[in-house]
Amino acid sequence: GEGSLLDELDADQRCPVPRDQRPSSQLKELQESPLLGWGGLELPGYLARLGFLGAFFYVVLAYPIASVSYDPRTQGLEAIICATTGTCVATAAISLLIY
């Protein structure tokens with residue numbers, strides 16, 4: 001019997017959504033992205049990257065901000081606790097995004 005033109009086309013040709021906007025294509029892009037692709041790593045590699053990210057947040061953002069709020073010469077412990085808390089919050093937020 002005669003089939004319709006739709007029967008002769010494969011699924012990629014029948015889909016009206018552009019290839020780069022399809023959920024499967026978007027998921028693949030996310031999995032291959034530099035930050036969000038970390039979720040597919042083995043645990044040691046994932047923890048190492050999170051540790052590096054945490055160290056970056058601490059040195060570049062958290063401690064400089066904490067040292068403005070607390071004078072490190074007189075309130076060193078408070079500055080360290082504040083910076084560590086900020087680092088943990090930022091790292092946890094990125095972890096949730098990766099998850």
Peer 1: Output the distance between atom OG1 (Thr87) and atom CG (Leu61), rounded to the nearest 0.5 Å.
Peer 2: 8.0 Å
Peer 1: Applying a strict under-4.5 Å side-chain criterion to I, L, V, M, F, W and Y, I'd like to know whether Phe52 and Ile94 cluster together.
Peer 2: no
Peer 1: To the nearest 0.5 Å, what is the distance between CZ (Phe57) and OG1 (Thr84)?
Peer 2: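 One finds 14.0 Å between CZ of Phe57 and OG1 of Thr84.
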Peer 1: Linking I/L/V/M/F/W/Y whenever any side-chain heavy atoms sit under 4.5 Å apart, do Leu97 and Leu47 land together?
Peer 2: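 Result: yes, single cluster for both.
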Peer 1: Taking all non-hydrogen atoms of both residues, which atom of Gly54 and which atom of Thr91 are closest, and how far apart?
Peer 2: CA-OG1, 3.5 Å
Peer 1: Other hydrophobic cluster members with Ile81, side-chain heavy atoms of Ile/Leu/Val/Met/Phe/Trp/Tyr under 4.5 Å, chained?
Peer 2: Leu77
Peer 1: When clusters are formed by joining ILVMFWY residues with side-chain heavy atoms under 4.5 Å apart, either directly or through shared neighbours, do Val89 and Leu96 land in the same one?
Peer 2: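 No, Val89 does not connect to Leu96 through the hydrophobic network.
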Peer 1: Got a sec, which residues hit side-chain contact (heavy atoms from CB on, under 4.5 Å) with Leu41, two or more places apart in sequence or on another chain?
Peer 2: Trp38, Tyr46, Arg49
Peer 1: Mind jotting down which residue pairs meet the side chain to side chain donor-acceptor pair (under 3.5 Å) criterion with at least one end in residues 51-72? Sequence neighbours excluded, please.
Peer 2: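 Checked against side chain to side chain donor-acceptor pair (under 3.5 Å) - neighbours excluded - the pairs reaching residues 51-72 are Asp71-Arg73.
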Peer 1: Is there a continuous path of hydrophobic side-chain contacts, each under 4.5 Å between heavy atoms, that joins Leu50 to Phe56?
Peer 2: yes
